[in-house]
There are 2 protein chains.
Amino acid sequence: MSSNNTISHEIADILRDEILRQRYRSGDRFPSERDLAARFDASRGAVREALSQLEQLGLIHTQPGGARVQSVNSASLAVLGPLLALDDHPDPLLVDQFLQTFSVLTSMTVKNAVNAASPEQLTQLKQLLVELANHSDDIEAMQPRWREFLEAMSTIADNLVVRLIRNDLKAQFVDQMMKRGFQPDLKKGSTDRLLTTLGESLSKRDGELASKAMQNYFEELRGTVGKALRFNSEGHRSEQFSGA
Amino acid sequence: MSSNNTISHEIADILRDEILRQRYRSGDRFPSERDLAARFDASRGAVREALSQLEQLGLIHTQPGGARVQSVNSASLAVLGPLLALDDHPDPLLVDQFLQTFSVLTSMTVKNAVNAASPEQLTQLKQLLVELANHSDDIEAMQPRWREFLEAMSTIADNLVVRLIRNDLKAQFVDQMMKRGFQPDLKKGSTDRLLTTLGESLSKRDGELASKAMQNYFEELRGTVGKALRFNSEGHRSEQFSGA
DNA sequence: GGACCAAATTGGTCAGACCAAATATAGAGC
DNA sequence: GCTCTATATTTGGTCTGACCAATTTGGTCC
């Protein structure tokens, strides 16, 4: 998990998962710090630091007199990762929701980047696209280049809000999937089509076109990933999930 | 600010703002807990809890041996609120970026909601629209009804990822603007047009149409708000900002 | 049954201490 | 002078035990 190997993080991880697994109902009283200290055989200070993390996640609310459990719906974005990691198989619905969200944000970024890029940045982007095209056969090799390309787009678009959201989502989700060794096997045609259209949009400086291309790509990705996950969750443990 | 009136929150607020104001460069060593305890005349425990909050925000990274400051770009979404509250006048660019982001997420929610709503939910939504139309003259009165309408949309669309993001954004931003007493004065025409189109999209069950209408509305909102903020930041302190 | 008051519980803070990991420093060897 | 190593120091992580103020709880009185 995300845990540092400190006691307080361990405690936080355990309690967080218990809350996410609905072991306490929203509004319930949370065990007192002294009880938790006894339960985990730790000092109250360590427990307090753990509770501080849970409070930052929006999972509990502490007040003199007692802490109370809050609804997951009102939690912070940072609970997504733990939520996905709760079971062996990630929840297909949640994954799909993630992809859809990531799609609209990425499309927006791409659109703004293409429209706002300086001539130098345009050539840089084209260069990265060529790099990608050169490795379109090897998904492994494309991964870091995609990252670089999207990072460049993100820098050019220069929208801090989206950047922060994508930070969180990436930390919560992408890394989670990577750790599980998940590799979506998109047909090569889809990727090639995306690369071509992106190149075209760069030449024409047509952000809308780039955005649409990105959306279509994610649409296909959602289909593929959804199929793989559903197949997987039916018990046919595929090799796509090697497990951390 | 968001602070509870505890010492550790106070310390966290101060240090957070110092980091956001770039008083430490990314990568710099952060003062030791003992130094900070001396500076704030507090116990090390209180300082540690403050630092724990900063770590959750992604602003510092602590390790045995010392804590280091991280780049704001790699921080968590939760820094947006404090970032907006840093100066008397919110950064127009940041506000615009927020609105654009909120726009695509809301449009996506609306689209999915309209497409996925059950017949009962459709009538409920229409009912809420009527409510809105009845108060279209009084912005004050519309506010809670808008909230209710969007909340219903959010519930129907049932995308936890977007919901969590919107939670954070709302907490960081909307509340921030409300506290400043900011009220965008959109022309009544825009709002009426939005309401009409939304009603139409509900009847036709046309999510795409609803989405487009939402986008257009936000587009106008961005224009209006941007103008107001720029005007305001030129020193003509308008009455729109009554100050908390 | 409801209003009111005292006792127990709970979170927030403090002080002083110890350990292990990381850093800084001084010294040895070249 | 430079590099490398061993030592000393700093720093974060944790523990113990204590105190205060706010809340909650339970019982009493009307």
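Hydrogens, waters and symmetry mates are skipped; everything else that's a heavy atom, side chains included, is used. Numbered from 1 within each chain, the chains take letters A, B, ... in sequence-line order.
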At 4.0 Å (heavy atoms only), tell me whether A:Gly66 reaches a base, stays on the sugar-phosphate, or touches nothing.
sugar-phosphate

Applying a 4.0 Å non-hydrogen cut-off, can you work out what B:Arg29 is touching in the nucleic acid: base, sugar-phosphate, or nothing?
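Sugar-phosphate: the residue B:Arg29, judged by heavy atoms under 4.0 Å, touches backbone atoms but no base.
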
Counting just side-chain N and O atoms, does [X] come under 4.0 Å of either OP1 or OP2 of [N]?
| X | N | answer |
| --- | --- | --- |
| B:Arg34 | D:dT10 | no |
| B:Thr62 | D:dG13 | yes |
| A:Ser8 | D:dT14 | yes |

Let me know the distance between [atom1] of [X] and [atom2] of [N], rounded to the nearest Å.
| X | N | atom1 | atom2 | answer |
| --- | --- | --- | --- | --- |
| A:Asp35 | C:dA8 | CG | P | 17 Å |
| A:Phe40 | D:dG13 | CZ | C1' | 17 Å |
| B:Glu33 | C:dG16 | CD | P | 17 Å |
| B:Leu36 | C:dT13 | CG | P | 15 Å |
| B:Arg48 | C:dG12 | CZ | C1' | 16 Å |
| A:Gln63 | D:dA21 | CD | P | 18 Å |
| A:Glu49 | D:dT14 | CD | P | 6 Å |
| B:His9 | C:dG12 | NE2 | C1' | 11 Å |

Going by side-chain contact (heavy atoms from CB on, under 4.5 Å), B:Leu36 matches just one of B:Ile14, B:Leu15, B:Ile11. Which one?
B:Leu15

Testing A:Ile60, A:Val69, A:Leu59 one by one against A:Tyr24 for a side-chain contact (heavy atoms from CB on, under 4.5 Å), which residue passes?
A:Val69

Go through the steps for A:Arg163 and A:Thr109 under the test side chain to side chain contact (heavy atoms under 4.5 Å, CB included), then give the verdict.
CA-CA 9 Å; A:Arg163 175 178 276 274; A:Thr109 298; over 6 Å; no

The side chain of [X] is closest to which nucleotide in this list: [options]?
| X | options | value |
| --- | --- | --- |
| B:Ser32 | C:dG11, D:dT11, D:dT16 | D:dT11 |
| A:Ile7 | C:dC14, D:dT14, C:dG12 | D:dT14 |
| B:Ser43 | C:dC14, C:dG11, D:dC15 | C:dC14 |

Candidate pair B:Gln97 and A:Val162, rule side chain to side chain contact (heavy atoms under 4.5 Å, CB included), full reasoning:
CA-CA 8 Å; B:Gln97 294 178 356; A:Val162 174; over 6 Å; no

Using only modelled atom types and a 3.5 angstrom limit, is any donor from either the side chain of B:Arg44 or the base of D:dT14 paired with an acceptor on the other?
yes

Going by an N to O cut-off under 4.0 Å, is there a salt bridge joining B:Glu18 and B:Arg39?
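The answer is yes: the pair qualifies as a salt bridge.
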
